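Notes for the one structure printed next.
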Number of protein chains: 2
Amino acid sequence: MYEQLKLDNQLCFRLYTAARMIAGAYNPYFEQLGITYPQYLVLLVLWEKDQQPVNDIAKRLLLETNTVTPLLQRMEKAGLVRRVKGEVDTRQRIVCLTPQAIAMREQAKEIPAKLGNEIGKYVSMQELQAMIPALDKLIEGLQQTNK
Amino acid sequence: MYEQLKLDNQLCFRLYTAARMIAGAYNPYFEQLGITYPQYLVLLVLWEKDQQPVNDIAKRLLLETNTVTPLLQRMEKAGLVRRVKGEVDTRQRIVCLTPQAIAMREQAKEIPAKLGNEIGKYVSMQELQAMIPALDKLIEGLQQTNK
DNA sequence: ATCATTTATATCGCACACGACTGAAATCGA
DNA sequence: TCGATTTCAGTCGTGTGCGATATAAATGAT
């Protein structure tokens, strides 16, 4: 009767838990670098393309600006980024990597492979890869719905 | 060279985002009930079996007690649970559903199906079901590693 | 029986996440 | 051109998550 309300039947709980578990597995590596998982995501975005306004970073990570702003402020305090006033559009704040954060890329380079090894002990890469299209469709769809 | 550090190549980012998106999709329903997603998870656990100590709930949700305790305190303040001293082991706090929370089960019954419809617009149930074994293996594996 | 260890819960501090809202700058429309 | 609207970034309040730590009760060892 309440079959649907059983925890074991809920895909969402698994996604929620898996995300936390992976973040936990990343943590030892991030600790060495003095960053957090969301800060790592910001670095990924900026390593791909430096000097982006807050909004572009937020959109890329599918986060709200009121999440990203404080995140960037903490990263600035930690010496990872600078936030300079936009010249074309003065409302914007352009986020730039510091030399320290640029150098950090070399350290971080090995992390995904290490995580991959860790996770690969438990799940085959094939199974993991197979999840990606479904996740992308889910994200794409709900992202529209939620706004 | 830094191919591994591209956001698009990261499974973890997708899990993290998908979990947030689904939570967002749940929110309209939870708002009506005056609960949050983690509180809903606690209710799922207690609807299955009432009167559990804090530790059992935490273990079931794979959360730390220092996450669950404040969660339960908020739920107690909201009139959803009572936390009574354990009689056998006085260190324990047995968490009990209030009549209000028991009644809420009827309201909540429809939620998973509604979410299923929502998500089903974008991803087939088959694809979603197919992810479950991989997620379970991943969670099981990392859960051990992370402690 | 008594002391050391373990266990159950809790507190504290910090870092997200997000809804609601604000202020200032850019843009749009008549 | 000039007032209305939109956009960008930000603040504030609330609710998680979790590492570190505290406290009291239960358990184990001698």
Side-chain angles (χ1 to χ4, degrees), chain A residues 13 16-28 30-31 34-42 52-59 61-78 80-81 83-95 142-143 146-147, chain B residues 13 16-28 30-31 34-42 52-59 61-78 80-81 83-95 142-143 146-147:
Chain A
F13 174 63
Y16 155 83
T17 304
R20 284 191 302 110
M21 293 295 155
I22 298 190
Y26 267 115
N27 250 350
F30 291 154
E31 246 170 60
I35 60 176
T36 65
Y37 180 68
Q39 291 177 14
Y40 171 70
L41 293 179
V42 170
Q52 297 192 52
V54 175
N55 228 350
D56 289 13
I57 298 173
K59 282 205 169 74
L61 298 179
L62 302 177
L63 289 167
E64 305 296 321
T65 62
N66 55 3
T67 296
V68 175
T69 292
L71 187 53
L72 292 171
Q73 287 168 343
R74 285 185 289 268
M75 291 178 76
E76 185 167 46
K77 196 149 67 172
L80 295 169
V81 301
R83 301 178 309 138
V84 302
K85 276 230 162 66
E87 291 178 1
V88 201
D89 187 333
T90 64
R91 291 172 306 179
Q92 289 184 335
R93 287 277 223 154
I94 309 298
V95 183
L142 291 184
Q143 192 232 326
N146 288 348
K147 57 175 190 185
Chain B
F13 173 64
Y16 155 82
T17 304
R20 284 191 303 110
M21 292 296 156
I22 297 190
Y26 266 115
N27 251 349
F30 290 156
E31 246 171 59
I35 60 177
T36 65
Y37 181 67
Q39 292 176 12
Y40 171 70
L41 293 180
V42 171
Q52 296 192 53
V54 176
N55 228 349
D56 289 13
I57 299 173
K59 283 206 170 74
L61 299 179
L62 302 176
L63 288 167
E64 304 297 320
T65 62
N66 56 2
T67 295
V68 175
T69 292
L71 186 53
L72 291 170
Q73 287 169 342
R74 285 185 290 267
M75 290 178 76
E76 184 167 47
K77 196 150 67 172
L80 294 169
V81 301
R83 301 180 308 139
V84 301
K85 276 230 161 69
E87 291 178 0
V88 201
D89 187 334
T90 66
R91 290 173 305 179
Q92 289 185 333
R93 288 277 224 154
I94 309 298
V95 184
L142 291 184
Q143 193 233 326
N146 288 346
K147 57 176 189 184

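The structure displayed is predicted, hence computed values, not measured ones. All chains are named by letter (A, B, ...) in the order of the sequence lines, taking the proteins before the strands, and each is independently numbered beginning at 1.
- Note on R74(A): every side-chain N or O is 4.0 Å or more away from OP1 and OP2 of dC14(C).
- A close approach under 4.0 Å does not occur between any side-chain nitrogen or oxygen of T67(B) and OP1 or OP2 of dG17(D).
- As rounded to whole Å, 7 Å separates atom P of dT9(C) from atom CD1 of I94(B).
- Here dG10(D) presents its P atom at 13 Å from CZ of R91(A), a figure rounded to the nearest Å.
- Regarding contacts with the backbone of dC8(D), every side-chain N or O of R93(A) stays at 4.0 angstrom or more from both OP1 and OP2.
- A sub-4.0 Å separation between OP1 or OP2 of dT14(D) and a side-chain N or O of T36(B) is absent.
- Proximity of N55(B) to the phosphate of dT9(C): a side-chain N or O atom is located under 4.0 Å from OP1 or OP2.
- For the OP1/OP2 pair of dT9(C) and a distance below 4.0 Å, the side-chain nitrogens and oxygens of Q73(B) include no atom meeting the criterion.
- In this structure, of dC16(C), dA25(C), dA20(C), it is dA25(C) that holds the atom nearest to the side chain of T90(A).
- For T36(B), the side-chain contact (heavy atoms from CB on, under 4.5 Å) criterion is met by P38(B), Q39(B), not counting sequence neighbours.
- I57(A) places its CD1 atom 14 Å from the P atom of dC16(C), with the value rounded to the nearest Å.
- Listed nucleotides: dT9(C), dA9(D), dA20(D). Nearest to the side chain of V54(B): dT9(C).
- The distance from atom NZ of K85(A) to atom C1' of dG10(D) is 12 Å, rounded to the nearest whole Å.
- At the phosphate of dT7(C), neither OP1 nor OP2 sits under 4.0 Å from any side-chain N or O atom of Q92(B).
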